[in-house]
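Presented below is the structure to which this report refers.
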Amino acid sequence: MGRDSSLNRIEPSIAVVRRWMVRTRLDTDAVLLNRLSIETHPGRLLVLICLFAFISGAVTGSFGAFGGGNTGQIVYSAIKVPMLLLITFCLCLPSFLVVNSLLGLRSDLRIVLQALLVTQSGIAIVLAALSPCIAVWYASDGDYQHAILANVGAFAIASVVGQVVLRRCYRPMIAKNTRHQTMMRLWFFIYAAVGIQMGWVLRPFIGSPSAALHFFRQEAWSNAYIVVWRVLVRTLFG
Amino acid sequence: MIGKSFQALDRILRGEGTSPEAIQSGEIQFPLAGFCVVGIALAMVYGFCMGMFSLFRDVSPSIGHRDQYLQVLAAMVKVPALFFLTLLITTPSLYVFNALVGSRLRARAMMRLLMAAMGVNLAVLASLGPIVAFFSVSTPSYDFMLLFNVAVFGISGMLGLLFLIQTLNRLSSTNTFTAPTELSPVGDDESTPQGSHSTELTEPTEHSTTPAAIDTIPGQVMGQHVKLVFRCWVLLYGLVGAQMGWVLRPFLGNPELPFTWFRGRQSNFFEAVLHTLGRLIGH
């Protein structure tokens with residue numbers, strides 16, 4: 001009974017996000033704005049994000065379990081993927097809202113927040129939808145490097161879909177005020193910049209078979225950008 | 001009082017505090033003392049986020065944890081000091097520059113305008129605080145964090161100055177054009193935009209019709225020489241701010257050095273930034 005009622009609450013939210021994933025070109029801006037403001041329930045979307053990111057994380061962390069190794073990574077990753085999405089979201093929000101106000105877009109703040117939540121939900125849904133593929137990959141291929149590649153691929157697809165959903169949600173707002181276009185690009189930039197470092201800090205998601213189980217990597221935290229830069233310099237200049 | 005000041009800052013951010021009808025009196029309205037307190041609080045929030053870097057670094061045993069806490073405290077004191085001292089030093093020059101270009105803005109109005117611009121600057125800075133804190137906690141590289149903070153100060157400073165220039169523009173226009181509009185209701189070309197604004201205002205307007213805080217209002221355009229003078233002043237403000245930051249250093253605290261409140265007189269801000277960039281890229 002309980003499961004039924006929670007499913008009943010989640011399902012309309014999935015339908016809402018799904019409608020933003022399918023083509024919106026035929027809808028007028030007014031219809032789209034109306035859809036964003038009326039159909040979107042922030043609380044339900046947050047539950048949806050947590051749930052789907054949890055599923056995706058659990059599958060990502062199941063690499064060791066498929067090889068008969070530790071299963072603890074499943075729990076850790078199931079917690080870490082929602083953390084990745086939500087903490088990044090929360091860190092980026094204050095500056096985004098202040099700059100929105102400064103550009104005179106305060107009156108659209110509620111609808112902007114709803115657009116961002118729909119985008120986050122889109123990312124979480126795609127990640128969860130791809131998790132069966134990841135599971136099949138894990139079951140058929142025991143190579144850790146290949147597992148990393150599969151997950152990078154899944155995150156890349158989710159990011160592209162997120163970008164598409166964000167653009168569709170923003171379309172009616174941009175029609176109203178072109179400054180929203182700047183803000184949409186700014187959000188994408190801040191979110192990606194913080195998200196990359198957050199993903200780096202929260203490693204491991206998959207769990208190397210040779211390493212012991214830990215929530216965070218045992219070595220000191222480092223900066224993803226500096227690491228990438230050093231690898232690049234080493235590769236190019238030896 | 002604090003709540004009201006926060007609301008005043010919010011109104012300024014939204015552009016309501018500097019809309020043509022709000023600055024009819026020739027100055028921006030907000031409680032000055034409370035606004036100072038809010039400004040200091042926002043700067044301290046950013047100082048704390050910045051200070052997280054020293055808290056989370058592994059320091060050599062000779063330095064000790066007391067120095068790390070002192071560094072956080074120092075950052076929380078120095079960020080407000082940086083802004084208020086820069087304001088103090090650059091106000092007279094802006095007043096003189098402003099008088100030179102023939103604006104009738106009084107000293108009090110000028111002071112309030114600068115405070116409002118500083119408020120906008122600090123609001124953006126503090127809102128970037130969570131991101132800075134996260135990077136401070138997770139990045140061991142002193143050079144990276146130094147440049148990251150310089151970039152954040154740069155971005156917020158630019159938005160603050162953009163607000164300052166646009167509001168100065170509005171205030172000057174209000175002062176210059178109000179009198180002719182009153183004298184000749186029909187108005188010439190210059191006063192027409194002003195007139196059209198006041199007719200708009202009598203109608204029930206939505207929030208969205210309020211121009212943004214950093215918008216240029218149509219018809220209120222500064223002359224070329226005025227623009228040039230203010231651009232020069234903005235450059236001066238940036239230079240003084242950067243050097244003030246250099247005088248007040250260390251904000252972050254090099255993990256390899258023991259804590260000091262100030263460092264000796266050597267080099268300058270721009271040279272140091274270039275050196276740091278070189279070290280970071282050269283790794």
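Here is how names work: the chains are called A, B, and so on, in the same order as the sequence lines, proteins then strands, and each is numbered from 1.
Between the side chain of A/Trp229 and the backbone N or O of B/Ile281, at least one donor-acceptor pair lies under 3.5 Å.
Atom CZ of A/Phe188 is surrounded by 12 or fewer heavy atoms from other residues, nucleotides or ligands within 6.0 Å. The number of heavy-atom neighbours closer than 6.0 Å to CZ of A/Phe216, taken from other residues, nucleotides and ligands shown, is above 12. Residue A/Phe54 qualifies as open at atom CZ: its count of foreign heavy atoms under 6.0 Å is 12 or below. Sparse packing is recorded around OH of B/Tyr69, with 12 or fewer heavy atoms of other residues, nucleotides or ligands lying under 6.0 Å away.
For the side-chain hydrogen bond (donor to acceptor under 3.5 Å, both in side chains) test, no residue two or more places apart in sequence or in another chain qualifies with A/Arg167.
Only the side chain of B/Val120 comes within contact range of chain A, with at least one heavy atom under 4.5 Å from a heavy atom of that chain. Of the atoms belonging to A/Val201, it is side-chain heavy atoms, and not backbone ones, that fall under 4.5 Å from chain B. The part of A/Ala193 that comes within reach of chain B is its backbone (N, CA, C, O), which places non-hydrogen atoms under 4.5 angstrom from that chain. Residue contact with chain A, scored on non-hydrogen atoms closer than 4.5 Å, involves the side chain of B/Phe135 exclusively. At a 4.5 Å heavy-atom cutoff, A/Phe237 makes no contact with chain B through either its backbone or its side chain. Only the side chain of A/Ile190 comes within contact range of chain B, with at least one heavy atom under 4.5 Å from a heavy atom of that chain.
Of residues 112-127 of chain A, no residue lies under 4.5 Å from chain B by any heavy-atom pair.
For the atom pair OG (B/Ser156) and CG (A/Leu102), the distance works out to 11.0 Å, reported to the nearest 0.5 Å. Rounded to the nearest 0.5 Å, atoms CD1 (B/Ile131) and CD (A/Gln197) are 12.0 Å apart. Taking CD1 of A/Ile87 as the start and CZ of B/Phe134 as the end, the distance is 8.5 Å to the nearest 0.5 Å. Rounding to the nearest 0.5 Å gives a distance of 13.0 Å between CZ of B/Arg14 and CG of A/Leu105. Taken from OG in A/Ser101 to CD1 in B/Ile12, the straight-line distance is 13.0 Å, to the nearest 0.5 Å.
In this structure the side chain of A/Arg179 reaches within 4.5 angstrom of the side chain of B/Asp215, judged on heavy atoms. A 4.5 Å side-chain heavy-atom check between A/Asn223 and B/Ser141 finds every atom pair outside the cut-off. Residues B/Leu159 and A/Val98 are not in side-chain contact: their nearest non-hydrogen atoms beyond the backbone lie 4.5 Å or more apart.
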Give the C-alpha distance, both sets of side-chain angles, the deciding distance and a yes or no for side-chain contact (heavy atoms from CB on, under 4.5 Å) between A/Trp221 and B/Thr139.
CA-CA 7 Å; A/Trp221 278 347; B/Thr139 305; over 6 Å; no
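In terms of heavy-atom proximity, B/Ser127 sits nearest to A/Pro94 at O-CB, 3.5 Å.
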